[in-house]
Amino acid sequence: MNNNSSNMMALAPNTSNKRETVCIFGTGDFGRALGHKMIQSGYPVVYGSRSTQISNLIPKDAEVLSHAEAAQKAAIIIIAIQRQHYNFLIPLAESLHGKVLVDISNNLKLNQYPESNAEYLAQLLPGAKVVKAFNTVSAWALQSGTLDASRQVFVCGDDMEAKQMVMNIVRALGLTPLDQGSLLAAQGIENYPLQLFPMWKFPILLSFGLGVFFFFYCLALSVIYTYVYEKQDFSFFIAITIPNQVCPVMALVLLALVYLPGILAAIIQLYRGTKYRRFPDWLDKWMLCRKQLGLIALAFASLHVLFTLVTPIRSYVRWRTSVGIISQAQNNNTEPLDNTNAWLSDSYLALGILGFFLFVLLGITSLPSVSNSVNWREFRFVQSKLGYLTLILCTAHTLIYGGKWFLNPLAYKWYLPDIYMLSLIVPCIVLVVKFVLVFPCVDKPLTQIRQGWERTPKYSE
Ligand code: NAP
């Protein structure tokens, strides 16, 4: 669903004090909540119901009439009734001719019917002007006034004038109409409230899978291996040591996975010599959830920072430090300062701090309120250039951490590389291929392809 701010209609002040009567078919939860809100906003409301008896639940100032009588009183009729009952409207076709019918219905499943409910309503009553609206607002939110998160109302319809009338009502209720175009958009609008974090599913599943794999990998090498070969119980590593190994690895791998699809897309475009052929579906989906992958990576990086900050107060670390000091005292020797080690340790920390700082900056610029205030070039600069810089810094941070161990056989317990070595595979591949892609001999044809040039044009003159 495109809720781009460019579609957002500016709030226009309503100059007229007198509002036109609005008719609502159905005195159920939504009909009552919407009627209540409309009366508060100054609209006279008349209900069309199967029963004209006034109940306590119905807003005090509203009239309740039969459907046919109520329809005569207003130009706009809101159908607050489930789709499966729409057939009752057919005998009312004459009274509803030329009226604006607002379909607010939702379904229980995605794409439950072959056509949207609004299109179905338009088919049943071809003489009416059907507009889809309000389905993303809940009765509870309308009634309780807690509309902060859902002020946006998607509106679509084939009749421009009818759509404008409905959007005026939406604005008068203090909500923001988003014009989604013709009635063809209704299916998407009806599917919208049924989606459960659609863009987050793949990143969360991937992170969960990778996280579990890395956790057990560390458990095997840090706890089980030590127990089997050295008879030492380091099971307490599960609380901080292992999470502090898994979190940075996850952060780095996920950050690299944000940039990998762009690299693959570039390779595919270079191979095909055109940008006019669709990418495989999996790559399209991957590219669409890069922001979510990046935000999860940032969450892991933040956890890594927190776990690292508590290191000095851990009893295991304090014990190791004091054992080291006591053994130096007992042997009456002081280890000299190793300058190389000091350099490595400080560079490792500095790269980590800078990498995390840029990571946070990337996260902040991905927030809609920030990304909406920068232009496309600025956004690309931050997300692409600063993003790659973050990846370089974080990869260097990891390389310095374990670089000297790469060639040491002791680092390969059970012939397996340590986890930080695994974590470097994807980032290094991404950085090396990106390095190749920026060479002029590769970058030039790629830029031309992205500007529309084709190696073998499909439509030659
Ligand atoms: P509801 O409480 O079940 O009310 C539906 C109303 O439809 C009934 O009160 C009844 O009104 C009327 N009705 C029921 N059977 C009928 C029939 N056979 N013929 C004619 N009218 C009939 O449902 P609701 O929660 O208000 O939802 C109404 C519509 O709004 C649905 O399409 C729903 O998808 C949509 N919606 C609801 C919400 C929400 O938060 N509830 C949010 C967005 C959209 P009378 O007794 O007055 O005739």
Side-chain angles (χ1 to χ4, degrees), residues 1-3 7 22-35 47-50 67-68 70-71 76-142 150 152-160 162-163 165-167 169-170 175 177-201 281 284-285 288:
M1 174 66 46
N2 174 20
N3 56 4
N7 285 353
V22 175
C23 172
I24 300 176
F25 276 7
T27 56
D29 293 340
F30 196 82
R32 291 196 311 270
L34 190 61
Y47 282 100
S49 172
R50 291 168 303 170
H67 292 113
I76 296 183
I77 300 167
I78 292 167
I79 313 292
I81 291 168
Q82 320 281 355
R83 167 187 169 133
Q84 60 268 32
H85 304 311
Y86 280 4
N87 275 341
F88 89 95
L89 293 166
I90 297 173
L92 298 169
E94 211 172 303
S95 325
L96 300 177
H97 191 86
K99 305 271 180 188
V100 176
L101 300 189
V102 185
D103 182 293
I104 58 154
S105 62
N106 279 321
N107 292 322
L108 296 175
K109 283 191 287 187
L110 287 172
N111 303 318
Q112 187 171 350
Y113 300 100
E115 74 291 274
S116 67
N117 299 345
E119 287 167 302
Y120 173 64
L121 183 62
Q123 282 165 21
L124 287 181
L125 301 161
K129 301 163 189 169
V130 175
V131 174
K132 180 91 207 171
F134 289 115
N135 67 311
T136 49
V137 181
S138 82
W140 178 81
L142 273 176
S150 51
Q152 297 178 346
V153 174
F154 299 117
V155 183
C156 75
D158 292 337
D159 188 297
M160 277 310 288
K163 204 159 57 172
M165 286 165 79
V166 175
M167 292 205 288
I169 294 183
V170 173
L175 306 171
L178 295 175
D179 188 350
Q180 298 293 303
S182 78
L183 215 52
L184 286 174
Q187 187 109 24
I189 298 180
E190 284 168 17
N191 281 338
Y192 182 72
L194 295 171
Q195 289 170 350
L196 186 68
F197 303 121
M199 290 297 155
W200 285 90
K201 218 179 268 172
D281 271 1
D284 264 343
K285 284 188 189 142
L288 284 176

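Hydrogens, waters and symmetry mates are skipped; everything else that's a heavy atom, side chains included, is used. Since we're looking at a predicted model, the values are computed, not measured.
In this structure, OG in Ser105 is found 11.5 Å from NE2 in His85, a value given to the nearest 0.5 Å. Separation of atoms NZ (Lys99) and CD1 (Ile76) is listed at 10.5 Å; rounding is to 0.5 Å. Interatomic distance, Glu119 CD to Gln187 CD, rounded to the nearest 0.5 Å: 6.5 Å. Of the inter-residue distances, the one linking Met167 atom CE with Leu175 atom CG reads 13.5 Å to the nearest 0.5 angstrom. Within the model, atoms OG1 of Thr136 and CD1 of Ile104 stand 11.0 Å from one another, a figure rounded to the nearest 0.5 Å. Rounded to the nearest 0.5 Å, atoms NZ (Lys132) and OG (Ser182) are 13.5 Å apart.
Nearest approach of Phe134 to Phe30, heavy atoms of both residues: O-CZ, 3.6 Å.
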Derivation and outcome, ring-ring contact (aromatic ring centres under 6.0 Å, His included), residues Tyr113 and Tyr120: CA-CA 9 Å; Tyr113 300 100; Tyr120 173 64; 7.3 Å; no
Side chain to side chain donor-acceptor pair (under 3.5 Å) evaluation trace for Asp103 with Tyr86: CA-CA 10 Å; Asp103 182 293; Tyr86 280 4; 2.7 Å; yes
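Heavy atoms from other residues, nucleotides or ligands lying under 6.0 Å from CG of Leu108 number 12 at most. Under a cut-off of 6.0 angstrom, the local environment of CD in Glu94 is sparse, with at most 12 non-hydrogen atoms contributed by other residues, nucleotides or ligands.
Within the 4.5 Å cutoff, the side chain of Ile189 has heavy atoms near those of the Cys156 side chain. You'll find the side chain of Leu89 stays beyond 4.5 Å of the side chain of Leu124, heavy atoms only.
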